[in-house]
Amino acid sequence: MDQGRDIRNARWIAAAGMLVLSLTACDQSPPPAKPAGPVTGETVFLPQPVIQAAPKVEPAQKAAGLLRPNENEILASRIKAVLAEDPVLKMLAIDVRSSGGVITLYGTVDTRAQREKVERLAQKMEGVVSVRNQLVIVAGS
């Protein structure tokens, strides 16, 4: 009977040891990255990714809803960026989704004026076909 208890204790001690090891590894930073290319004593700068603006959308594409998935993400991101620039709207929980240029707004706002302002800002963006405003007015949200 003592042997069963010893096995359980050994398992607990092993589990506690693994937990301690994993937690101590959390605050260790990874080793610095090695430079790319030959080591000549000079600093090597790697090219950074380029963020591109959303492509222009032709009226025929808008009408047919022919936006590619990447364009939908870009359009939603542009609208979120505009909302983040507004000192009041940036404090609200608003999500933006796009599908074929149709923008759907989700989340909560404090007033009807805020709800309408978000819709107007989204409608003004190039590439937006229509806006489905699903924002809910919740005072104090």
Side-chain angles (χ1 to χ4, degrees), residues 1 3-141:
M1 190 122 186
Q3 185 180 13
R5 189 176 343 162
D6 291 341
I7 291 173
R8 281 193 300 269
N9 287 342
R11 286 182 185 163
W12 279 106
I13 291 170
M18 289 191 308
L19 179 63
V20 168
L21 287 175
S22 65
L23 290 176
T24 56
C26 287
D27 66 13
Q28 294 179 1
S29 60
K34 294 182 180 177
V39 179
T40 60
E42 297 178 10
T43 304
V44 176
F45 294 97
L46 298 176
Q48 297 296 316
V50 177
I51 298 174
Q52 298 178 347
K56 299 251 186 214
V57 179
E58 300 297 323
Q61 285 179 307
K62 284 173 94 175
L66 297 177
L67 294 179
R68 291 175 282 172
N70 190 33
E71 293 170 342
N72 286 318
E73 293 169 11
I74 292 170
L75 184 57
S77 295
R78 287 177 40 219
I79 293 170
K80 288 178 187 179
V82 169
L83 297 177
E85 291 174 2
D86 186 280
V88 174
L89 299 180
K90 72 179 180 183
M91 304 303 285
L92 301 174
I94 299 173
D95 190 26
V96 180
R97 297 199 185 139
S98 174
S99 178
V102 176
I103 302 300
T104 305
L105 304 169
Y106 299 100
T108 58
V109 294
D110 294 326
T111 65
R112 171 179 262 152
Q114 289 174 347
R115 184 176 192 269
E116 292 169 355
K117 184 176 183 179
V118 172
E119 183 174 349
R120 278 193 314 274
L121 289 173
Q123 188 66 49
K124 288 181 183 179
M125 296 298 290
E126 182 178 340
V128 173
V129 176
S130 65
V131 177
R132 292 180 50 215
N133 194 339
Q134 301 293 319
L135 295 172
V136 177
I137 300 169
V138 179
S141 63

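Sequence positions, counted from 1, serve as the residue numbers for this chain.
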> Taking all atoms of both residues into account, what is the closest heavy-atom pair of Gln114 and Val88, and its distance?
Replying inline: NE2-CG1, 3.3 Å

> Is there side-chain contact between Val109 and Val136, with at least one heavy-atom pair below 4.5 Å?
Replying inline: no

> Any chance NZ of Lys80 has more than 12 other-residue heavy atoms, nucleotides or ligands included, within less than 6.0 Å?
Replying inline: yes

> At their closest point, which heavy atom of Gly101 faces which heavy atom of Asn72, and how far apart are they?
Replying inline: N-OD1, 3.6 Å

>> So Ile79 and Leu121, do their side chains get closer than 4.5 Å, heavy atoms only?
In response: no

>> Let me confirm one number: the OG-CD distance from Ser98 to Glu71, rounded to the nearest 0.5 Å.
In response: 9.5 Å

> Nearest heavy-atom pair of Ile137 and Arg112: which atoms, and what distance?
Replying inline: CD1-CA, 3.6 Å

>> Checking Leu105 against Val131 for the side-chain contact (heavy atoms from CB on, under 4.5 Å) test, could you report, in this order, the C-alpha distance in whole Å, the side-chain angles of both residues, the deciding distance, and whether it holds?
In response: CA-CA 8 Å; Leu105 304 169; Val131 177; 3.7 Å; yes

> At their closest point, which heavy atom of Leu92 faces which heavy atom of Thr108, and how far apart are they?
Replying inline: CB-O, 3.8 Å

> What's the verdict on side-chain contact (heavy atoms from CB on, under 4.5 Å) for Met125 and Val82, showing C-alpha distance, side-chain angles and the deciding distance?
Replying inline: CA-CA 9 Å; Met125 296 298 290; Val82 169; 3.9 Å; yes

> Rounded to the nearest 0.5 Å, how far does CG of Asp110 lie from CG of Leu135?
Replying inline: 11.5 Å

>> Which heavy atom of Ile94 sits nearest to which heavy atom of Leu89, and what is that distance?
In response: CD1-O, 4.5 Å

> Which atom names give the shortest non-hydrogen contact between Leu75 and Gly127, and what distance separates them?
Replying inline: CD2-O, 3.6 Å

> Does some side-chain heavy atom of Arg97 sit less than 4.5 Å from a side-chain heavy atom of Val102?
Replying inline: no

>> Applying side-chain contact (heavy atoms from CB on, under 4.5 Å) to Leu83 and Val118, what does each step give before you reach the verdict?
In response: CA-CA 7 Å; Leu83 297 177; Val118 172; 4.0 Å; yes

> Can you tell me how far the OG atom of Ser99 sits from the CD atom of Glu73, to the nearest 0.5 Å?
Replying inline: 11.5 Å

> Are the side chains of Gln134 and Thr104 in touch, meaning some heavy atoms are under 4.5 Å apart?
Replying inline: yes

